*Asks:* 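Before we start, here is the structure in question, set down as structure tokens.
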Amino acid sequence: MSKNDTFQEKLYRQMFLIRHFEERLLELFSEGAFFGTTHCYIGQEANAVAIINQLTDKDIVFSNHRCHGHFLTYSDKPELLYGELMGRSTGVVGGRGGSQHICYNNFYTNGIQGGIMPAATGMAFAEKIKKSGAIATVFIGDGTLGQGVVYESLNMASLWDVPVLVVVENNRWAQSSRVENELAGSMVKRGEAFGIDSGEIDSTDAEELYAHFTPIIEKVRREQRPHFEVIHTYRLCHHSKSDDARPKDEVERYRENEPLPKMRERLKASTAEAIESDVKKRIAEAIAWAREQPFPELQKTELV
Amino acid sequence: MSTVVKSLNRAMHELLEDPRVVFLGEDILDPYGGAFKVAKGLSTQFPERVITTPIAEAGFVGIAAGMAMRGMRPIVEIMFGDFLMLTADQILNHIAKYRWMYNDQVEVPIVIRAAMGGRRGYGPTHSQSVEKHFLGMPGIVILAPSPFHDPGSLLKTATLDDSRPVLFIENKLMYSRALKNEADGNCGDFSIRKTDSEYTTVSLSYDTFQSADVTIVAYGGMAELAVEAAEMLMIEEEIFAEVIIPSSIKPLDYDPIIASLERSQKLVVCEEASKAAGWGSEVISRITKDHFGLLKSAPQHVGALEFPIANTVTLEEKILPQVKDIFDAAISK
């Protein structure tokens, strides 16, 4: 992050950081630097930067399996996430959680679809009772709208006036299933049915999304009520690794609308190049740092 | 006369004086005051922090967990313990995991109270003792008060002094039972010993812990049945039994069991749930592996038959373990 960035430069720098982080991640996966699997955010970067930049330090963010973009915008700590993905003791959670189970200050993720909805709701409810002024934002996807616990949470969030912002990132595919094969009816009406203010936006433009979310976040904080907002977006990468069976022409069609070039063309070419070069250097340093970190020991705990 | 339900209700009143404590559950508002009346009076006295919920066990247990991670001390009531299975994902994949998975950066001090057990004719889905399904989940504590412990004081310790998630198993039949008072080291005709720990284990002996013929281990709703069996064994067979009643079944303090086995060399473990993959299986496995030399005969396991729990009393009696089953296990060769 550069202090001298304009607003547009900042958004581009953050999005490029997420993009380049994940591109290098996928390359390094094939070299065997990582364990397990990972879920990339390529194509959805505008959502994270549009929303998380508008939250305060006290606010809570609860993310899901596809959390890199949210985490990097929240923390600006690529080295900690590389360390975690490499299973190192100095990673975000000491190598215990990996790609989809991390916690950093007021940022949390978990890997069970929809299971995070009650936790995020409860956190926002607690902050309201404590009168801290903090709100919670929870990111879910179109596939997660199949989970019953999502609706239990929406019901209680509305009944109890909980200041939680539910963001549905509809990337149109749940792993390998088209949204049309797994979701009946309307997404937005699912929020409305609980008496929750709900809306939708179809955009990959970070500035447009930012402006769209400004009054929403302000309203959640002021009215101390939930809000349900759907962003129609697209995942340009595979679900995890090497599991993409989507039609190539469809992916290519959405690639024409992807968020990074849209923001890049608003910057001077030399500025954009300087940002890219800075970020690449940071990412290279972050990878080098993570590679040097030790693996964790299994410590005795009070676990029962 | 204080009863288990009165002890719990009084503790709930005291706990809610703490502004961090919130209480969530189904039908807990006055005048109804909860299905088993542990919640009686609470919503009148603490309307802000006694919150009646929709029928959404996974949702409100998860919400309470989120509150626990942000500095509150939530207590959740599961009306019938059978419904705990609806919260299984929240407990296994969220509540039990957060602390360790997040590298000890958070704590989840939630207490989930659940009314468990049969013998009231409620049938297959309202009579079970499902806690055995949670025994294999690293990261949670399972407590089971009995009339031989002080249930209210256990609840207070679990809520305010324990930073771990706690399942608090309340046997339904036990609610109306009188607390067993002890005086001068005695409890009724038994000598009584209690371990000096936050979740105490009670040991009862007919022979001032000098000698014993059998060690009967039982928790929660089975505790009084085990004591009744011990009385029968004494009267009918002149067999001296020691009864070991833990209040924490996970983790379990094995020391009082081992101390008793050193006298008796015979082990009977009781639970109300069906025996397969049960708590008793775990206890017997552990004792047999680590203290085989203490046993002079095969350990016995008393529990329910492998059936759903029938509605009709004639079948329910056959399916659930009875005093006679404990007696027979104790005299078995």
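Computed from a prediction, not measured in an experiment: that's the story for all the values here. Below, read A as the first sequence line, B as the second, and so on, with proteins coming before strands; counting in each chain starts at 1.
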*Asks:* Quick one: which of B/Asn93, B/Val22, B/Ile55, B/Leu86 has the most heavy-atom pairs under 4.5 Å with chain A, could you say?
*Replies:*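 Heavy-atom pairs under 4.5 Å are most numerous for B/Asn93.
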*Asks:* Mind checking the CD-CD1 spacing from A/Glu152 to B/Ile63? Nearest 0.5 Å is all I need.
*Replies:*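 One gets 8.5 Å once the value is rounded to the nearest 0.5 Å.
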*Asks:* Carefully, step by step, assess B/Met67 and A/Ile129 under the rule side chain to side chain contact (heavy atoms under 4.5 Å, CB included).
*Replies:* CA-CA 10 Å; B/Met67 298 175 87; A/Ile129 291 171; 3.4 Å; yes
*Asks:* What part of B/Glu57 is in contact with chain A, defined as an atom under 4.5 angstrom from a non-hydrogen atom: side chain, backbone, both or neither?
*Replies:*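 Only the backbone of B/Glu57 comes within 4.5 Å of chain A.
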*Asks:* Under 6.0 Å from the CG atom of A/Asp57, do we count more than 12 heavy atoms belonging to anything else shown?
*Replies:*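 Atom CG in A/Asp57 is not packed in, count stays at 12 or less.
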*Asks:* Out of curiosity, B/Gln90 CD to A/Met117 CE, how far, rounded to the nearest 0.5 Å?
*Replies:*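 Rounded to the nearest 0.5 Å, the CD-CE separation comes to 11.0 Å.
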*Asks:* Checking A/Tyr108 against chain B: side chain, backbone, both or neither under 4.5 Å from a heavy atom?
*Replies:*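 Both backbone and side chain.
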*Asks:* Using non-hydrogen atoms only, which part of B/Val61 is less than 4.5 Å away from chain A: side chain, backbone, both, or neither?
*Replies:*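 The answer is neither part of B/Val61.
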*Asks:* Among A/Ile116, A/Asn155, A/Ile112, A/Val149, which has the most heavy-atom pairs under 4.5 Å with chain B?
*Replies:*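 Of A/Ile116, A/Asn155, A/Ile112, A/Val149, A/Ile112 has the most heavy-atom pairs under 4.5 Å with chain B.
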*Asks:* Name the member of A/Gly122, A/Pro296, A/Gly98 that forms the most heavy-atom pairs with chain B at distances under 4.5 Å.
*Replies:*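 Ranked by contacts with chain B, first place is A/Gly122.
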*Asks:* Side chains of B/Pro54 and A/Met156, heavy atoms from C-beta outward: is any pair under 4.5 Å?
*Replies:*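 Counting from C-beta outward, B/Pro54 and A/Met156 do come under 4.5 Å.
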*Asks:* Report the option among A/Ala157, A/Gly91, A/Gly115 that has the most heavy-atom pairs separated by less than 4.5 Å from atoms of chain B.
*Replies:*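 Going by pairs under 4.5 Å, I would pick A/Gly115.
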*Asks:* Select one option (side chain, backbone, both, neither) describing which atoms of B/Leu252 are under 4.5 Å from chain A's heavy atoms.
*Replies:*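 Looking at B/Leu252, nothing touches chain A.
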*Asks:* Any side-chain heavy-atom pair from B/Gln105 and A/Asn105 closer than 4.5 angstrom?
*Replies:*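 A side-chain contact is absent here, since even the closest heavy-atom pair is not under 4.5 Å.
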*Asks:* Can you tell me how far NE2 of A/His101 sits from CH2 of B/Trp100, rounded to the nearest 0.5 angstrom?
*Replies:*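 Rounded to the nearest 0.5 Å, the CH2-NE2 separation comes out at 11.5 Å.
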*Asks:* So which part of B/Ser248 gets closer than 4.5 Å to some heavy atom of chain A, the side chain, the backbone, both or neither?
*Replies:*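 Answer is neither: B/Ser248 stays 4.5 Å or more from chain A.
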*Asks:* What closest approach, in Å, do B/Gly59 and A/Pro118 show between heavy atoms, and which atom pair accounts for it?
*Replies:*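 For B/Gly59 versus A/Pro118, the nearest heavy atoms are O-CB, 3.4 Å.
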*Asks:* Is there side-chain contact between B/Asn103 and A/Cys103, with heavy atoms separated by less than 4.5 Å?
*Replies:*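 B/Asn103 vs A/Cys103: side chains apart.
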*Asks:* More than 12 foreign heavy atoms under 6.0 Å from NZ of A/Lys77: is that the case here?
*Replies:*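 Check fails, neighbour count at 12 or below.
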*Asks:* Measure A/Ser132 against the heavy atoms of chain B and call it side chain, backbone, both or neither at under 4.5 Å.
*Replies:*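 Neither part, no heavy atoms under 4.5 Å.
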*Asks:* Do you know which of A/Ala124, A/Ala119, A/Ala120 has the most heavy-atom pairs with chain B at a distance under 4.5 angstrom?
*Replies:*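 Top option by heavy-atom pairs under 4.5 Å: A/Ala119.
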*Asks:* Within this structure, what is the CH2-OG1 distance for the pair A/Trp160 and B/Thr53, rounded to the nearest 0.5 Å?
*Replies:*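 The OG1 atom of B/Thr53 is 6.0 Å from CH2 of A/Trp160, to the nearest 0.5 Å.
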*Asks:* Taking side chain as everything from C-beta outward and backbone as N, CA, C, O, which of these in B/Ile51 sits under 4.5 Å from a heavy atom of chain A? Side chain, backbone, both or neither.
*Replies:*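 Contact with chain A: side chain only.
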*Asks:* Donor-acceptor pair, A/Lys130 side chain versus B/Arg70 backbone, under 3.5 Å?
*Replies:*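 Yes, the answer is positive, given that a donor and an acceptor are paired below the 3.5 Å cut-off.
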*Asks:* At a heavy-atom separation under 4.5 Å, does A/Val92 approach chain B through its side chain, its backbone, both, or neither?
*Replies:*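 The backbone, not the side chain.
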*Asks:* Chain A heavy atoms under 4.5 Å from B/Ala58: which part of the residue, side chain, backbone, both or neither?
*Replies:*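 When you check distances to chain A, atoms from both the backbone and side chain of B/Ala58 fall under 4.5 Å.
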*Asks:* Rounded to the nearest 0.5 Å, what's the gap from CZ on A/Phe107 to OH on B/Tyr102? Could you check?
*Replies:*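 Nearest 0.5 Å value for the CZ-OH distance: 9.0 Å.
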*Asks:* Measuring only between side-chain heavy atoms, which start at C-beta, is A/Thr121 closer than 4.5 Å to B/Phe60?
*Replies:*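 No, side chains not in contact.
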*Asks:* Need one label for B/Met101: side chain, backbone, both or neither, based on atoms under 4.5 Å from any heavy atom in chain A.
*Replies:*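 B/Met101 touches chain A through backbone and side-chain heavy atoms alike.
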*Asks:* If you round to the nearest 0.5 Å, how far is CE of B/Met72 from CD of A/Glu127?
*Replies:*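 Nearest 0.5 Å value for the CD-CE distance: 9.5 Å.
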